[in-house]
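We use all heavy atoms of the structure for the numbers below, so side chains are in, but hydrogens, waters and symmetry mates are not. Note that ligands are numbered from 1 as they come in the structure, with each ligand's atoms numbered from 1 the same way. Residue numbers run from 1 in the order of the sequence given.
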Amino acid sequence: MSLLSTTLNLVTEAKLDATIQFSQSITKLNPNPKTIFLTGASGFLGGYLLAELLEQTSAQIYCLVRADNKINAQQRLQQHLINYGLWQDEWKLRIIIVVGDLSKPLLALSEQDFNQLAKIIEVIYHNGAYINAFHSYEHLKAANVLGTQEILRLAGLKQAKAVHFISSMAVFFSKASLQSKMIIETDLPIADGTLKGGYKQSKWVAEELVRIAQKRGLSACIYRPVRILGHSQTGINGNMNDALCNLLKACIQLGTYPLLDARINLVPVDYVSQSIVHLSQQPTSSGKAFNLFNPESIEWNQLLDLTKELGYSLTALDYKQWQQQLNKELNLFPKNKAYIFLSLFFRSPNALMMKKPPLDARQTLDGLKNSPLYCPPVDKKLLSIYFDYFNKINFLNKK
Ligand SMILES: NC(=O)c1ccc[n+]([C@@H]2O[C@H](COP(=O)([O-])OP(=O)(O)OC[C@H]3O[C@@H](n4cnc5c(N)ncnc54)[C@H](OP(=O)(O)O)[C@@H]3O)[C@@H](O)[C@H]2O)c1
């Protein structure tokens, strides 16, 4: 498993096939399309996005799903929404399965099916991606970069289609971008050699491909969430491989936590999915980028104080001491998944302790101003909902 790509030049990686062109442009987004194409519906955010699109539009939703056949894909997607408590039987007729793969040319569809799909769909939500904090850019390129290129190819065929691309705030986690006084939505993330980590790099290149397509006439919006965690009311979280969740779990199992100078920003999945769908329905959103973060983030040490208030017995250690304890425990319990994850995580280019400038979300707030949507703060109430869910699924006890 390689962690770093030594000769990688992200700027030269961001080349959009010259045959992908956009003959007509859309200046105003259609709030109620008849057909939508969604990728990544079988994932965490994707499940909530699918439910929100089904609620907020009357569209038929074509979902790209990896599977051996349509029946397995349909069952997998339905079970996925059932697991999140989202499924409604009447949605069955509005969900149309497209068996395919982002990492393959034409999404693994035949040319005829690809053209037919391009003819049918009016708008694309490209949310699918291969998420792994430890894989190299080369490993993630097929799904995240070339997959985005295939989505843009689809958008360019037949009638004009808007593309809603789910990126990540992590595209700004290079030293150069982090030096700015504030990261605003119209800033372009800078990819120099200091943007580390294959996942971030692949999202940066994919975002850049979308910008190249915009210059060729595509109407596209870019959404950049920070870390997405559980639903703000139910705590349901499909992102249990997340570094923060594993860090909290390891701390609780060890009975200690490292004193870190880090600020934790996270957004509940319902805020992200509802905001994306609402923003995508505003005619004036076309061409804009939206930063989706929590205006009330929290210091790591304060988060741990709240965790203690919720009944967990924890002692603070300095970071080095805590790492030594983690390594000792890892030797004693070499199969403990949280310990394994963290020992890899702290050795990989992670952004947890990077100092980040304030983020700005003027376009997002403007786009949401006529909606009831707001991001709940990271406070004791949200944490207690999250810990209740962790306990419900026995996450904190699992070795
Ligand atoms: N989670 C976060 O904290 C976070 C933060 C910022 C941005 N984002 C972005 O939000 C989006 C959704 O993230 P998530 O957390 O929901 O991820 P996730 O739970 O891992 O879901 C990823 C989805 O992409 C699909 N996918 C992956 N490779 C594919 C391929 N080759 N072909 C077709 N589908 C493929 C997966 O399908 P399978 O079910 O078949 O694996 C799954 O449906 C991503 O674009 C991510 O970069 C996430």
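If you look at Ser167 next to ligand 1, the close heavy atoms, those under 4.0 Å, all belong to the backbone. With a 4.0 Å cut-off on non-hydrogen atoms, Thr39 does not touch ligand 1 at all. Residue contacts with ligand 1, taken as heavy atom pairs separated by less than 4.0 Å, involve Leu45 via backbone and side-chain atoms alike. Under 4.0 Å from ligand 1, heavy atoms of Leu102 appear from its side chain as well as its backbone. Proximity of Arg76 to ligand 1, defined as any heavy-atom pair under 4.0 Å, is confined to the side chain (atoms from C-beta onward). The proximity of Lys203 to ligand 1, defined as any non-hydrogen pair under 4.0 Å, is limited to the side chain.
Closest heavy-atom approach to atom 15 (O) of ligand 1 among the candidates Ile131, Val272, Asp242: Ile131. Closest heavy-atom approach to atom 12 (C) of ligand 1 among the candidates Thr148, Asn127, Ile276: Asn127.
Side-chain atoms of Asp388 and Asn391 form no donor-acceptor pair, as typed in the model, at a separation below 3.5 Å.
For the pair Gly238 and ligand 1, the shortest N or O to N or O distance does not fall below 3.5 Å. Close N/O approach between Met169 and ligand 1 is not found [any backbone or side-chain N/O within under 3.5 Å]. The N/O atoms of Tyr130, backbone and side chain alike, include none that comes under 3.5 Å of an N/O atom in ligand 1.
Taking the six-membered ring wherever Trp is involved, the centroid distance between the rings of Tyr62 and Phe37 does not fall below 6.0 Å.
Applying the 4.5 Å side-chain rule to ILVMFWY residues, one finds Tyr130, Ile131, Tyr199 in the same cluster as Leu140.
Under the 6.0 Å distance and 45° angle rule, Lys249 does not count as a cation-pi partner of Phe390.
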Walk me through it: do Tyr319 and Phe346 pass the test ring-ring contact (aromatic ring centres under 6.0 Å, His included)?
CA-CA 11 Å; Tyr319 179 55; Phe346 282 118; 5.5 Å; yes
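Taking the charged nitrogens against the carboxylate oxygens, Glu150 and Arg153 do have a contact shorter than 4.0 Å, which makes a salt bridge. Contact check on Arg224 versus Glu185 returns no salt bridge, with no Lys/Arg side-chain nitrogen under 4.0 Å from an Asp/Glu carboxylate oxygen.
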